[in-house]
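Step one of this worksheet: look at the structure below.
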Amino acid sequence: EALRDTEAFWQKWAGRFTYEGAWPEHVLRSLITIKALTYSPTGGIVAAPTTSLPEAVGASRNWDYRFCWLRDATFALLSLVNAGYQREAEAWADWLLRAVAGSAEQVQPVYGIGGEHRLDERELPWLPGYRGSRPVRMGNDAYPQLQIDVYGNVMDVLHEARRFGLDLHEAGWGLECEVLRRLEALWDRPDEGIWEVRGQAKHFVHSKVLAWVALDRGIKSARRFGFKAPVERWRALRDRIHTQVCEQGFGERRGAFVQAYGTEALDASALLIPIVGFLPPDDPRVVSTVNTIARELTRDGLVLRYDTSEADDGLEGEEGAFIACSFWLVDNLILQGRREEAGELFERLLSLSNDVGLLAEQYDWRSQAFVGNFPQAFSHFALVDAAYNFSGERGSARGADVPRSGHRSR
């Protein structure tokens with residue numbers, strides 16, 4: 001009886017699937033995975049249901065991913081709402097608003113599934129780890145880090161939620177104004193960034209780009225929805241950040257946007273620059289960045305998030321190719337009209353899925369095996385986004401004021 005009830009639930013849930021583009025079975029499998037990673041009582045979506053599956057077998061890059069990251073916010077919301085799962089998207093937005101409610105100074109990158117703030121990390125030395133990969137960890141010490149990009153993620157997801165007509169808590173705009181006031185005070189500080197480095201804080205380019213996103217979405221929301229806001233002050237700061245990133249974040253020698261000011265190291269997060277609308281996809285700096293990453297930051301055709309021998313993250317050892325970053329390269333190729341190249345890479349990434357269509361965080365091209373926690377929500381969000389971009393069912397850019405046919409490009 002329990003099995004029949006389970007089958008009936010998932011068949012009914014899958015029946016709400018509205019995607020009509022290519023690779024529908026992979027898109028639906030990814031959405032089912034995202035739904036299965038959702039904690040029903042709160043709407044929180046965990047990054048993965050596992051801890052300490054290593055990024056390199058036998059090494060110490062092992063993390064607990066059984067928590068909810070604000071960074072996943074817009075990826076999650078768009079993956080769900082575009083495919084017809086508005087209730088799940090609203091539940092996720094509600095979880096986010098509850099988690100960050102209160103003082104903007106206390107916003108943190110990651111929370112527990114119930115919105116818990118304390119996620120103290122500890123090692124479990126009595127456990128041998130997956131194939132001898134130690135330490136095994138419980139908790140995640142990324143929670144008190146300064147990661148400036150999460151302010152952009154929060155502003156982006158709430159702006160998109162309103163554009164799609166989702167039912168938001170009425171206190172949302174007040175929170176957003178507080179978030180931007182906090183951002184104004186800290187945007188020019190070094191931080192730990194999107195990859196949550198355990199070494200020295202830096203002026204990460206992606207963090208500055210997402211600070212721009214936060215202000216941009218605040219301005220767009222105030223204008224479109226008639227909210228009271230210091231728009232001129234926000235616009236001046238937005239323009240200042242844009243100028244700074246273009247002047248200090250582009251490495252002329254590498255011909256690409258780099259990981260951090262004052263470095264030449266590449267970082268796959270630069271692939272998000274046209275996706276979030278910071279620069280158009282045909283901007284020569286963007287085209288050059290995409291080509292440089294495809295040429296110098298790939299292994300066996302798959303994208304590293306950064307080269308650990310080139311960029312110091314405070315940790316030892318190497319890691320696998322990052323699956324979500326490889327899908328971001330697909331998105332960029334689509335945006336540049338290079339659909340044949342994009343299709344080949346997309347098919348390659350689909351071929352990595354296991355026998356039930358699941359993806360891990362990373363892929364070790366040397367051993368041809370998954371590494372990192374599994375299944376990974378970030379990888380499945382990226383798959384869904386890329387498929388929608390191929391189908392042309394979305395509009396032109398994230399943050400655009402007027403969506404076309406209820407969709408838009410990430």
Side-chain angles (χ1 to χ4, degrees), residues 47-48 51-65 67 69-72 107-110 118-123 125 129 133-153 186-211 244-245 248-251 253-254 256-272 293 296-297 299 303-322 324-325 361-362 364 371-373 376 378:
T51 181
S52 305
L53 292 180
E55 296 173 2
V57 174
S60 60
R61 291 173 178 263
N62 314 324
W63 314 108
D64 190 347
Y65 273 20
F67 306 108
W69 268 259
L70 295 186
R71 185 169 293 113
D72 294 348
V107 170
Q108 59 191 56
V110 55
R118 289 293 298 271
L119 310 175
D120 297 302
E121 184 177 303
R122 60 192 179 100
E123 298 180 3
S133 304
R134 294 183 174 180
V136 174
R137 304 178 198 264
M138 177 180 290
N140 197 306
D141 277 347
Y143 80 90
Q145 286 186 344
L146 175 61
Q147 298 175 23
I148 294 172
D149 64 302
V150 301
Y151 293 90
N153 298 129
L186 57 75
W187 74 270
D188 58 350
R189 289 169 50 183
D191 72 329
E192 279 79 19
I194 181 175
W195 306 128
E196 304 181 338
V197 298
R198 297 291 176 110
Q200 183 179 2
K202 301 176 184 178
H203 289 282
F204 287 105
V205 170
H206 177 75
S207 296
K208 309 303 184 191
V209 169
L210 268 288
Q244 184 189 92
V245 170
Q248 299 186 45
F250 188 80
R253 185 178 69 80
R254 299 295 289 269
F257 283 97
V258 293
Q259 184 181 71
Y261 294 171
T263 75
E264 288 291 337
L266 297 174
D267 194 303
S269 62
L271 295 171
L272 291 171
I293 288 175
E296 300 181 25
L297 200 62
R299 302 293 184 271
V303 181
L304 305 178
R305 53 181 179 174
Y306 51 85
D307 186 338
T308 57
S309 66
E310 181 181 54
D312 181 17
D313 60 6
L315 300 166
E316 296 181 355
E318 298 180 336
E319 59 183 35
F322 208 81
C325 294
E361 177 186 28
Q362 300 178 21
D364 185 347
V371 287
N373 283 302
Q376 180 80 6
F378 213 33

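Judged purely by atom type and a 3.5 angstrom limit, Gln147 has no side-chain atom pairing as donor or acceptor with the backbone of Asp149. Under a 3.5 Å cut-off, the side chain of Ser52 and the backbone N or O of Arg137 do form a donor-acceptor pair. Put simply, the side chain of Asn62 gets close to the backbone of Pro135: a donor and an acceptor are under 3.5 Å apart. Not one N or O on the side chain of Asp64 forms a donor-acceptor pair closer than 3.5 Å with the backbone of Thr51. Arg71 places no side-chain N or O within 3.5 Å of a backbone atom of Val150 that could act as its donor or acceptor partner. A side-chain donor-acceptor contact under 3.5 Å links Asp191 to the backbone of Ile148.
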Check the pair Gln376, Tyr65 against side-chain hydrogen bond (donor to acceptor under 3.5 Å, both in side chains), reporting the backbone distance first and the verdict last.
CA-CA 9 Å; Gln376 180 80 6; Tyr65 273 20; 5.0 Å; no

Does Trp195 form a side-chain hydrogen bond (donor to acceptor under 3.5 Å, both in side chains) with Gln259? I'd like the steps, not just the answer.
CA-CA 11 Å; Trp195 306 128; Gln259 184 181 71; over 6 Å; no

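Nearest heavy atom pair, residue Ile293 against residue Ala270, reads CD1-CB, 4.3 Å. Summarising the geometry of Ser133 relative to Gly58, their closest heavy-atom pair is OG-N, 2.6 Å, with the distance given to 0.1 Å. Across all non-hydrogen atoms, the minimal contact from Tyr306 to Ala311 is CD1-CB, 4.0 Å. When all heavy atoms of Ile194 and Ser269 are compared, the closest pair comes out as CG2-CB, 4.2 Å. Summarising the geometry of Ala268 relative to Val303, their closest heavy-atom pair is CB-CG1, 3.7 Å, with the distance given to 0.1 Å. Closest heavy-atom contact between Ala256 and Leu266: CB-CD2, 3.8 Å.
Atoms CD and CZ, on Glu264 and Arg253 in that order, are 4.5 Å from each other to the nearest 0.5 Å. With values rounded to the nearest 0.5 angstrom, Cys325 atom SG is found 7.5 Å from Leu272 atom CG. Between atom CG of residue Leu315 and atom OG1 of residue Thr308 there is a gap of 9.5 Å, rounded to the nearest 0.5 Å. One finds the CZ atom of Arg61 at 6.5 Å from the CD atom of Glu55 (value rounded to the nearest 0.5 Å).
Under 4.0 Å is where a charged nitrogen must lie from a carboxylate oxygen, and between Glu310 and Arg254 at least one such pair does. In summary, Asp313 and Arg305 do not engage in a salt bridge, as defined by a charged side-chain N under 4.0 Å from a carboxylate O.
Side-chain atoms of Phe378 and Phe322, non-hydrogen and from C-beta on, do get closer than 4.5 Å to each other. You'll find the side chain of Glu361 stays beyond 4.5 Å of the side chain of Val371, heavy atoms only. Using a 4.5 Å cut-off on side-chain heavy atoms (C-beta onward), Leu70 and Pro109 make no contact. The shortest side-chain heavy-atom distance between Asp307 and Arg299 falls under the 4.5 Å cut-off. Here the side chains of Phe67 and Leu119 are in contact, with some heavy-atom distance below 4.5 Å. Side-chain contact between Leu146 and Leu186: present, with at least one pair of heavy atoms (C-beta onward) separated by less than 4.5 Å.
Between the side chains of Trp187 and Gln244, no donor N or O sits under 3.5 Å from an acceptor N or O.
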Only distances under 3.5 Å count here; give the side-chain donor-acceptor pairs of residues 197-206 to other protein atoms, sequence neighbours excluded, each with its distance to 0.1 Å.
residue, atom, partner, partner atom, Å
Arg198, NH2, Glu121, OE1, 3.0
Lys202, NZ, Asp312, O, 3.3
His203, ND1, Lys208, NZ, 3.1

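With sequence neighbours left out, the side-chain contact (heavy atoms from CB on, under 4.5 Å) criterion links Ala321 to Leu302, Leu304, Trp365.
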